[in-house]
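Below is one structure; the comments refer to it alone.
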Amino acid sequence: MSILVYTENWAGKFKKLTYEIVSFAAAIAKEMGSSVTALSIGHVADDELKTLGKYGANKVLNVKDDRFESLDNKALADAVTKAAEKEGSNVIIFAHNNEGKAIAPRVSVKLNAGMVSGVTGLPVSVDPFVVRKKVFTGKAFANIQIKTDIRVITFAQNSFEVVENPTEAAIEVFDPQIGDEEFNTVIKDTHLITGKVLLTDAEIVVSGGRGMKGPENWGGLEELGDLLGAGMACSRPVSDEGWRPKEEHVGQTGKIIAPNVYMAFGISGAIQHLGGVSSSKYIVAINKDPEAPIFEAADYGIIGDAFKVIPQLIEAVKEMKANK
Amino acid sequence: MKILVLISNVPDTTTKIRFTGDNKAFDATGVQWIINPWDELALTRAMELKEAGGVEKITVANVGTKITEPTLRKALAVGADDAIRIDAEPLDAYFVATQLAQVAKDYDLILAGIEASDYNGAGVGGMLAEILGINSVSAVSGIDLENGELKIHRDIDGGSQLLSIPTPLIAIVQKGIAIDPRIPAMRGIMMARKKPLNVVPPVDAEARTEFLSYELPAPKAACKMVDEDNAKELIRLLREEAKVL
Ligand SMILES: Cc1cc2nc3c(=O)[nH]c(=O)nc-3n(C[C@H](O)[C@H](O)[C@H](O)COP(=O)(O)OP(=O)(O)OC[C@H]3O[C@@H](n4cnc5c(N)ncnc54)[C@H](O)[C@@H]3O)c2cc1C
């Protein structure tokens, strides 16, 4: 028996979210007296595959098959199902993101498994199998029992402390033998915003709102972002106005992110905005209005003018880096 | 082309969430019900495609008890041609997908929202596709119809893609699919009263998950304030106290 983790990589490097899930799976495996198998689909070098061992993967199934690059949902679900069957997995874990949400429901049907998505933290109990998740878009939590013998879950980013469980991960090449007729998604065109930190996987996010007044004022935020290796985000009016690319829009109608720190400059903190960032570990707000609702969600705040604060933060980060 | 839009009936997103005394069930007293926002955008896009030509019919379907009928009437008022209500309490995503499978077979394109705003399940679309044995594409941010062929835009890590996938297909849609939801006009509301709303009995199916209890989140600690003229202190706190830099 094993716990199967669906891993994701970005240009050949595992996402930090993948390490979080492997480490989460290792903790569940300990409780259930089971082991962790990670499934990697794509071009990931052996050295990189080995790094999964550091977080507790006992085995890595490596699928090298270019046809999966089309992210065909049906074919991917078939491949994961075959891996789960081969490993006799009774818990299959995906990330609660675009890829996980696309594949997990299909896999659950194929394996006659119950599924819960967006699980936050370790199971409340493993027998019966009860997990916790946010419902009503973060306004409440629910405890849900999965009644089947096989369970599929998608894991909400940043809801488990990454811990190392150094193990030697055995790497095994795996061919799920999916016929060509299973693939019918054809990519006609791909548009990538290159050279930047991947917003949905960034540990630090620097974000600006309408309080930044105009696109010409983003220089300071970008400098701060670069120094911190942060992803860049913005509120909806900012992308609607075309001040920033729409890929940076976070919130209920934009991207949902969960970095370690979300730094909001000149953002009022409307409920729809918070819907996309409230799972961040820490929220930092810089706003000149002490009544701005963002301060109710924030852990650290500065009531003040963003244009006065940003240069001081840049200087402080430079000093911090110089002293490291 | 025939389009089926899956409709979830959810509490208005501004609803104050309450549970029954023992925290075992959602307290629906006084709740305003709406079309799930993603489903509303999916329906809006379906209408736009129909108006551009090439779509014969748009059907909306929901698994729910009689209380969901005003929501389905609203979808008809927005412009759907007919509605199907499968008469059952929606127990979980698998149960709902199994029910929908019996009415979803004759459509070329099925649209599902990425999640419902109540239980945030993100499961029904993909499960239905697997039950029907057809392909699905998730994170869909745009759909165009050119000479009878679907052009699907999907969000991927760090960008987006244009895809071609044969029908029948389930597209699971998210932001970008339509800009603003359509508000029914007076004429639409009048016409909706006469459009067919077919009630279908449920098939035998079991839920695979069970909601045991609910909790409201613990109140958050107060925000720690740093002085505007001493902003460097913020970086120190993030490094030494929060340990995130
Ligand atoms: C259905 C729906 C969905 C929505 N989805 C989203 C979404 O996904 N994401 C999203 O962001 N919004 C969304 N919105 C919009 C949301 O309601 C807010 O209007 C929006 O988030 C406000 O953006 P903002 O904070 O940048 O601007 P504002 O609300 O205008 O806030 C600007 C803030 O900047 C402060 N400020 C001004 N000057 C300075 C200065 N020099 N220094 C410091 N602070 C300053 C002000 O005090 C103010 O608090 C949605 C709305 C609806 C109705």
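Any value given below was found using the heavy atoms of this structure, including those in side chains, with hydrogens, waters and symmetry copies removed. Just so we're on the same page: letters track the sequence lines, and every chain starts at 1.
For the set Asn260(A), Thr253(A), Asp299(A), the entry with the most heavy-atom pairs within less than 4.5 Å of chain B is Asp299(A). Ranked by heavy-atom pairs under 4.5 Å with chain A, the list Leu216(B), Asn230(B), Ile165(B), Asn23(B) is led by Ile165(B). Here Asp189(A) is the residue among Asn97(A), Asp189(A), Val261(A), Ile103(A) with the most heavy-atom pairs under 4.5 Å with chain B. Between chain A and the options Asp155(B), Ile17(B), Val124(B), heavy-atom pairs under 4.5 Å are most frequent for Ile17(B). Among the candidates Ile134(B), Ile172(B), Asp227(B), the residue making the largest number of heavy-atom pairs closer than 4.5 Å to chain A is Ile134(B). The greatest number of non-hydrogen atom pairs below 4.5 Å with chain B, out of Asn184(A), Thr190(A), Ile146(A), is found for Asn184(A). Most heavy-atom pairs under 4.5 Å with chain B, from the set Gly301(A), Pro259(A), Ala140(A), Ala102(A): that is Gly301(A). Your options are Ala139(B), Gly123(B), Ser160(B), and the one with the most heavy-atom pairs under 4.5 Å with chain A is Ser160(B). With chain A as partner, the option from Ser136(B), Pro217(B), Gly159(B), Ser138(B) having the largest number of non-hydrogen pairs under 4.5 angstrom is Ser136(B). Considering only heavy-atom pairs separated by less than 4.5 Å from chain B, the leading option among Ile303(A), Thr200(A), Ile314(A) is Ile303(A). Of the listed residues (Ala93(B), Pro11(B), Ala129(B), Gly133(B)), the one with the most heavy-atom contacts under 4.5 Å to chain A is Ala129(B).
Atom OG1 of Thr209(B) and atom CD1 of Ile144(A) lie 6.0 Å apart (nearest 0.5 Å).
Considering every non-hydrogen atom in both Arg106(A) and Gly126(B), the closest pair reads CG-O, 3.5 Å. Scanning both residues, Asn73(A) and Val137(B), for their nearest heavy atoms gives ND2-CA, 3.3 Å. Minimum interatomic distance between Asp157(B) and Trp10(A) (heavy atoms only, all atoms of both residues): O-CZ3, 3.3 Å. Across His96(A) and Ala122(B), no two heavy atoms sit closer than the pair CE1-CB, 4.3 Å. Residue Val309(A) comes nearest to Ala231(B) through the heavy atom pair CG1-CB, 3.8 Å, listed as atom of the first residue, atom of the second, then distance.
Of the two parts of Arg151(A), neither the backbone nor the side chain holds a non-hydrogen atom closer than 4.5 Å to a non-hydrogen atom of chain B. Thr148(A) touches chain B through backbone and side chain together, each having a heavy atom under 4.5 Å away. Heavy atoms of Ala113(A) lying under 4.5 Å from chain B belong exclusively to its backbone. For Asp201(A), no part lies near chain B; criterion is any non-hydrogen pair under 4.5 Å. Heavy-atom distances place no part of Glu233(B) under 4.5 Å from chain A, backbone and side chain included. For Ser141(B), no part lies near chain A; criterion is any non-hydrogen pair under 4.5 Å. The contact between Leu313(A) and chain B is made by backbone and side chain atoms together, counting heavy-atom distances below 4.5 Å. For Leu169(B), no part lies under 4.5 angstrom from a heavy atom of chain A. Heavy atoms of Ile204(A) lying under 4.5 Å from chain B belong exclusively to its side chain. With a 4.5 Å cut-off on non-hydrogen atoms, Leu228(A) touches chain B through its side chain but not through its backbone. There is no contact between Thr154(A) and chain B, counting heavy-atom distances below 4.5 Å.
Although no hydrogens or angles enter the test, the distance criterion places a donor-acceptor pair under 3.5 Å between the side chain of Lys139(A) and the main chain of Thr15(B). Here the side chain of Ser213(B) pairs no donor or acceptor atom with the backbone of Asn143(A) at under 3.5 angstrom. Judged by distance alone, with hydrogens and angles left aside, the side-chain atoms of Glu228(B) form a donor-acceptor pair with the main-chain N or O of Asp305(A) at under 3.5 Å. Of the possible polar contacts, none joining the Asn98(A) side chain to the Ile156(B) backbone as a donor-acceptor pair under 3.5 Å is found. Remark: side-chain polar atoms of Ser117(A) are paired, donor with acceptor, to backbone N or O of Gly121(B) under 3.5 angstrom. In this structure a side-chain-to-backbone donor-acceptor pair under 3.5 Å is present from Lys133(A) to Asn120(B). Put simply, the side chain of Lys188(A) never gets that close to the backbone of Ile152(B): no donor and acceptor are under 3.5 Å apart.
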Going through the checks in order, is the side chain to side chain contact (heavy atoms under 4.5 Å, CB included) test met by Val130(A) and Leu212(B)? CA-CA 9 Å; Val130(A) 178; Leu212(B) 302 179; 3.8 Å; yes
Starting from the C-alpha separation in whole Å, work towards a yes-or-no answer on side chain to side chain contact (heavy atoms under 4.5 Å, CB included) for Glu319(A) and Ile235(B). CA-CA 10 Å; Glu319(A) 284 168 14; Ile235(B) 298 298; over 6 Å; no
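Residues Glu130(B) and Val107(A) have side chains not in contact (no heavy-atom distance under 4.5 Å, counting atoms from C-beta outward).
For Asp149(A), the CG atom counts as loosely surrounded, since its 6.0 Å shell holds 12 or fewer non-hydrogen atoms of other residues, nucleotides or ligands. In the displayed structure, Ile179(B) atom CD1 is contacted under 6.0 Å by at most 12 heavy atoms of other residues, nucleotides or ligands. Within 6.0 Å of NZ in Lys246(A) there are 12 or fewer heavy atoms belonging to other residues, nucleotides or ligands. Around NZ of Lys13(A), the count of heavy atoms belonging to other residues, nucleotides or ligands within 6.0 Å does not exceed 12. Heavy atoms from other residues, nucleotides or ligands lying under 6.0 Å from CD of Glu206(B) number 12 at most. Within 6.0 Å of the CZ atom in Arg182(B), the count of heavy atoms belonging to other residues, nucleotides or ligands exceeds 12.
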Donor-acceptor contacts, no H, no angles, side chain residues 237-244 of chain B, under 3.5 Å, sequence neighbours left out:
from: Glu240(B); atom 1: OE1; to: Arg236(B); atom 2: NH1; distance (Å): 2.9
from: Glu241(B); atom 1: OE1; to: Tyr300(A); atom 2: OH; distance (Å): 2.5
from: Glu241(B); atom 1: OE1; to: Lys224(B); atom 2: NZ; distance (Å): 3.1
from: Glu241(B); atom 1: OE2; to: Lys224(B); atom 2: NZ; distance (Å): 2.6
from: Lys243(B); atom 1: NZ; to: Glu240(B); atom 2: O; distance (Å): 3.2

Throw together a table of side-chain donor-acceptor distances under 3.5 angstrom for residues 283-297 of chain A, partners on residues two or more places apart or in other chains.
from: Asn287(A); atom 1: OD1; to: Asp289(A); atom 2: N; distance (Å): 2.8
from: Asn287(A); atom 1: ND2; to: Ile267(A); atom 2: O; distance (Å): 3.0
from: Asp289(A); atom 1: OD1; to: Glu291(A); atom 2: N; distance (Å): 2.8

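Residues of residues 26-48 of chain B lying under 4.5 angstrom from chain A, judged on non-hydrogen atoms, are Phe26(B), Trp38(B) in numerical order.
With hydrogens and angles left out, the side-chain atoms of Gln312(A) and Asp229(B) include no donor and acceptor closer than 3.5 Å.
Listed by first and then second residue, the ring pair (Phe, Tyr, Trp, His ring centres under 6.0 Å) pairs that reach into residues 111-157 of chain B are Phe136(A)-Tyr119(B), Tyr119(B)-Phe211(B), sequence neighbours excluded.
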